[in-house]
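Input: a single structure, listed below in structure tokens.
Everything numeric in this text was worked out from a predicted model, so none of it was measured. Naming: A, B, ... by sequence-line order, numbering from 1 per chain.
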Amino acid sequence: MTTETSTPPAGAAPERGDFIREIVAADLRDGKHKTIVTRFPPEPNGYLHIGHVKAISINFGIARDFGGRCHLRFDDTNPTKEEQEYIDHIQEDIHWLGFDWGGHLYYASDYFEQLYQWAVYLIKAGKAYVDDLTADEIREHRGTLTEPGRHSPFRDRSIEENLDLFERMRAGEFPDGARVLRARIDMSSPNINLRDPVLYRILHADHPRTGDAWCIYPMYDFAHGQSDAIEGITHSLCSLEFEIHRPLYDWFIENLPVPARPRQIEFARLNVTYTVLSKRVLLRLVNDGFVRGWNDPRMPTIAGMRRRGFPAEGLRDFVAGVGVAKADNVIEFGQLEHAVRDVLNRTALRRFAVLDPLKVVIENYPEGQVEEMEVVNNPEDPSAGTRKVPFRRELWIEREDFMEEPPAKFFRLAPGREVRLRSAYFVTCTRVVKDAAGEVVELRCTYDPATRGGDSPDGRKPKATLHWISAAHATTAEVRLYDHLFTRPDPGAGGDLFADLNPNSETVLPGCQVEPTLADMPAGETVQFERLGYFCLDSDSTPGHPVFNRTLTLKDTWAKLQAQGRQG
RNA sequence: UGGCGAGUGGCCUAACGGUAAGGCACCUGACUCUGGAUCAGGGGAUUGAAGGUUCGAAUCCUUCCUCGCCAGCCA
């Protein structure tokens with residue numbers, strides 16, 4: 001091989017990246033591979049979550065950066081847990097995230113016949129045997145972490161008998177659990193994975209891809225490495241828990257006539273505070289109705305975060321920002337929020353919406369008059385232009401933007417105080433109207449006609465600017481506020497994970513007042529409700545009943561001050 | 001107690017024997033028609049511990065400590 005052919009393609013990533021990229025770069029530089037091939041291998045037994053976003057970004061990202069390719073391969077070796085629905089949604093989620101496998105879509109089940117032949121190959125070599133022990137007996141024979149295992153009484157069957165039995169397993173002669181095929185390696189290995197691991201089990205179950213063609217299925221350990229070899233995967237990048245399995249994968253590769261030798265490199269999986277990333281748990285949250293589905297906006301799934309309004313770019317930025325290493329880690333949720341806000345601040349259109357409306361009547365504003373105020377769509381992006389927002393005598397403002405007896409650092413509206421209504425006028429509160437219960441129901445204000453547009457000729461600068469909406473022009477909407485699904489940063493650490501579920505993870509506000517155009521907002525777009533946060537239209541919306549999800553709040557200095565005040 | 005892996009400010013990550021860097025978070029200040037954004041500045045690490053090698057160690061060696069993973073016919 002010449003130096004030229006071993007040189008990474010133009011645009012290849014710098015060699016000083018994370019430790020995996022350094023290995024890949026070195027392999028390319030040394031000519032070990034001309035091009036690299038990675039793979040993302042999900043089991044279709046649930047939806048993809050933020051942890052998978054990291055795995056996807058690593059596998060697809062490295063392939064892209066080094067001019068190689070990344071396969072999507074479903075590891076569908078357990079038909080009792082896998083479903084077509086998951087296969088479909090996983091593909092949709094990866095595409096939405098912004099990655100593509102370019103036609104390289106595979107299934108471990110594509111290789112079932114080859115895998116079977118390789119199992120026969122091992123039997124013929126005296127390296128695999130059919131075991132009649134029950135699952136419990138196999139467990140007993142396996143030994144413990146500190147004691148070696150014992151040989152199964154069936155370990156020394158003849159090759160002929162093993163061949164016959166394995167064939168009859170495939171033919172469906174035996175019920176589930178009656179027999180398994182095991183590798184014949186070392187029952188006293190300190191690595192338990194090498195103590196004659198099960199290769200095949202009998203499962204009379206319909207497979208989403210192969211239907212009833214098979215009633216024996218390979219274990220993941222027997223399928224994964226060989227599938228990589230078949231596809232010519234050069235770098236098999238996976239999480240740390242498979243590190244201990246690597247000697248077994250290597251054993252298969254060495255003892256089977258496979259066409260290639262993939263190299264497995266492990267990295268630490270992602271953990272996020274206040275979040276659980278266990279498909280088992282997520283499945284239970286869905287099945288037991290703790291959430292409304294895999295795409296519930298509170299779920300850490302790609303589908304959930306998408307519905308919540310997190311942009312794909314924010315998710316990609318987030319995992320890029322946390323890096324790739326081998327040390328266990330727990331990323332603060334705030335880091336995810338930062339990545340999402342960073343994207344949204346640049347891209348989200350600004351809109352007015354009032355979550356908890358308080359009526360304001362501007363007494364000196366002409367009854368029946370309407371003015372179209374010009375409002376900037378995104379101060380971070382002039383090309384987003386402006387829009388017209390109608391202004392009238394009766395408005396809604398946010399209830400929490402008014403205090404009858406304001407504390408020292410409260411800058412917003414109060415009796416006798418002047419504030420700016422964004423892009424409109426300065427108004428001063430002249431009177432507070434209360435109901436019989438003493439509840440504030442309306443504010444009477446005056447406005448200064450000279451401040452049209454939001455600036456005063458005399459240079460007055462109110463300390464606060466409020467968002468507002470014309471009562472006559474507003475559309476009523478439901479807004480759903482979200483908080484962490486779990487109340488503690490380390491859910492389950494107290495012993496009972498489900499006791500840590502946050503009963504207030506969702507708050508529904510039925511009577512919000514929003515700009516009318518928001519009801520026709522395109523799906524998948526997230527906007528900023530000025531001063532409140534980022535929001536997107538939810539799929540639960542119906543004509544005449546728009547529903548918004550709060551994606552995230554804006555950073556809120558005032559809320560922080562209030563929280564500190566409460567504590568001390 | 002067996003094997004494998006990992007320990008760097010509150011949370012991540014970098015440093016490839018040459019004197020601890022960056023992001024998030026936090027705290028100031030400036031600016032601001034979003035208490036947002038932006039800008040400027042700041043505090044905070046005897047690199048798990050103890051020895052050793054070296055002119056020099058987060059990096060190399062030794063011992064110890066702590067944490068994670070492995071005893072599915074799950075992946």
By nearest heavy atom, map L240(A) and L145(A) onto RNA chain B; which one lands nearer the 5' end?
L145(A)

What does the B/S/- profile of nucleotides 22-27 of chain B look like, 5' to 3', with a 4.0 Å heavy-atom cutoff to protein?
-BS-SS

Nucleotide nearest N345(A) when distance is taken to its side chain, options G5(B), U34(B), A37(B):
A37(B)

Would you tell me if any nitrogen or oxygen in the side chain of T557(A) comes within less than 4.0 Å of OP1 or OP2 on G36(B)?
yes

Using a heavy-atom cut-off of 4.0 Å across all strands, would you classify L421(A) as base, sugar-phosphate, or nothing?
nothing

At 4.0 Å (heavy atoms only), tell me whether D455(A) reaches a base, stays on the sugar-phosphate, or touches nothing.
base

E241(A), nearest nucleotide to its side chain (from C74(B), C69(B), G36(B))
C69(B)

Give a yes or no on whether a donor-acceptor pair under 3.5 Å exists between the nucleobase atoms of C16(B), that is its base, and the side chain of E22(A).
yes

Kindly state whether the ring of F166(A) and the ring of Y116(A) have centres lying under 6.0 angstrom apart.
yes

Among all residues two or more places apart in sequence or in another chain, which pass the side-chain hydrogen bond (donor to acceptor under 3.5 Å, both in side chains) test with S188(A)?
D186(A)

Non-hydrogen atoms of I87(A) and P208(A) that approach each other most closely:
CD1-CB, 4.4 Å

Qualifying residues under ring pair (Phe, Tyr, Trp, His ring centres under 6.0 Å), relative to F222(A), sequence neighbours excluded
Y200(A), F252(A)

Integer-rounded Å distance: A75(B) P and Y107(A) OH:
18 Å

If you only use heavy atoms from C-beta on, which nucleotide in G3(B), G35(B), C74(B) is closest to the side chain of N78(A)?
C74(B)

Below 4.0 Å: OP1/OP2 of U34(B) and any side-chain N or O of R350(A)
no

Touch class at under 4.0 angstrom, heavy-atom based, for E266(A) against every strand present:
nothing

Sugar-phosphate only, base, or nothing, as touched by L344(A) at under 4.0 Å among non-hydrogen atoms:
nothing

Find the distance L283(A):CG to A75(B):C1' and express it as a whole number of Å.
14 Å

NA contact type, A327(A), heavy-atom cut-off 4.0 Å: base, sugar-phosphate, or nothing?
sugar-phosphate

Expected output is a numbered-order residue list: members of residues 373-383 of chain A with a heavy atom under 4.0 Å from any atom of RNA chain B. What is it?
P379(A), E380(A)

List for me each residue that meets side-chain hydrogen bond (donor to acceptor under 3.5 Å, both in side chains) alongside R263(A), sequence neighbours excluded, and say none if there are none.
none

To the nearest Å, give me how far apart CD1 (I90(A)) and C1' (A75(B)) are.
12 Å

Could you pick out which residue, I331(A) or R531(A), lies toward the 5' side of RNA chain B when each is mapped onto its nearest nucleotide?
I331(A)

Is it possible for you to check whether R209(A) lies under 6.0 Å from the centre of the six-membered ring of Y107(A), through NZ or CZ, and within 45° of that ring's axis?
yes

Per R422(A) side chain, nearest of listed nucleotides C74(B), G35(B), U34(B):
U34(B)

Is it the case that the ring center of W558(A) lies less than 6.0 angstrom away from the ring center of F410(A)?
yes

Categorize V322(A) for me: base, sugar-phosphate, or nothing, with a 4.0 angstrom heavy-atom threshold over every strand shown.
sugar-phosphate

Are there runs of at least three consecutive Watson-Crick or G-U pairs touching RNA chain B, with each pair's two distances under 3.5 angstrom? Give them by first number.
B:2-7 with B:65-70, B:10-13 with B:21-24, B:26-30 with B:38-42, B:48-52 with B:60-64

For A14(B), take OP1 and OP2 only and decide whether either is under 4.0 Å from a side-chain N or O of R21(A).
no

Tell me what R412(A) touches on the nucleic acid: a base, only sugar-phosphate, or nothing, going by heavy atoms under 4.0 Å.
base

Quiz question: by atom type and distance under 3.5 Å, do the side chains of Q335(A) and E337(A) form a donor-acceptor pair?
no

List for me each residue that meets salt bridge (charged side-chain N to carboxylate O under 4.0 Å, His left out) alongside R346(A), sequence neighbours excluded, and say none if there are none.
E313(A), D342(A)

Return yes if the base of A75(B) and the side-chain atoms of H245(A) contain a donor-acceptor N/O pair under 3.5 Å, otherwise no.
yes

Residues in side chain to side chain contact (heavy atoms under 4.5 Å, CB included) with C512(A), at least two apart?
L355(A), V479(A), L509(A)

List for me each residue that meets side-chain hydrogen bond (donor to acceptor under 3.5 Å, both in side chains) alongside D196(A), sequence neighbours excluded, and say none if there are none.
Y129(A), R155(A)

So what does E530(A) touch, heavy atoms closer than 4.0 Å: a base, only the sugar-phosphate, or nothing?
base

Any R269(A) side-chain nitrogen or oxygen under 4.0 Å from OP1 or OP2 of C69(B)
no

For Y86(A), check side-chain hydrogen bond (donor to acceptor under 3.5 Å, both in side chains) against everything at least two apart and list the hits.
none

So if I take every side-chain heavy atom of T144(A) and compare against A71(B), A75(B), G35(B), which nucleotide ends up nearest?
A71(B)

Give the rounded distance in Å between these two atoms: NZ of K326(A) and C1' of C16(B).
17 Å

Please work out if Y200(A) contacts a base, only the sugar-phosphate, or nothing of the nucleic acid, heavy-atom cut-off 4.0 Å.
nothing

R201(A) side chain N/O closer than 4.0 Å to the phosphate oxygens (OP1, OP2) of A75(B)?
yes

So, is T77(A) near the phosphate of C74(B), with a side-chain N or O under 4.0 Å from OP1 or OP2?
no

For R73(A), what residues pass the salt bridge (charged side-chain N to carboxylate O under 4.0 Å, His left out) criterion, not counting sequence neighbours?
D75(A), D228(A), E231(A)

Listed nucleotide nearest any side-chain atom of K409(A), set C4(B), G35(B), U34(B):
G35(B)

Just compare A37(B), A14(B), G35(B) and give me whichever is closest to any side-chain atom of F410(A).
G35(B)

Return each pair, listed once, that meets salt bridge (charged side-chain N to carboxylate O under 4.0 Å, His left out) where at least one residue sits in residues 138-150 of chain A; pairs must be two or more places apart or across chains.
D136(A)-R139(A)

Closest nucleotide among C4(B), G35(B), A75(B) to the F411(A) side chain
G35(B)

Syn or anti for G44(B), taking syn as within 90° of 0?
anti

Does any part of the side chain of L518(A), heavy atoms only, come nearer than 4.5 Å to the side chain of F352(A), both counted from C-beta?
no

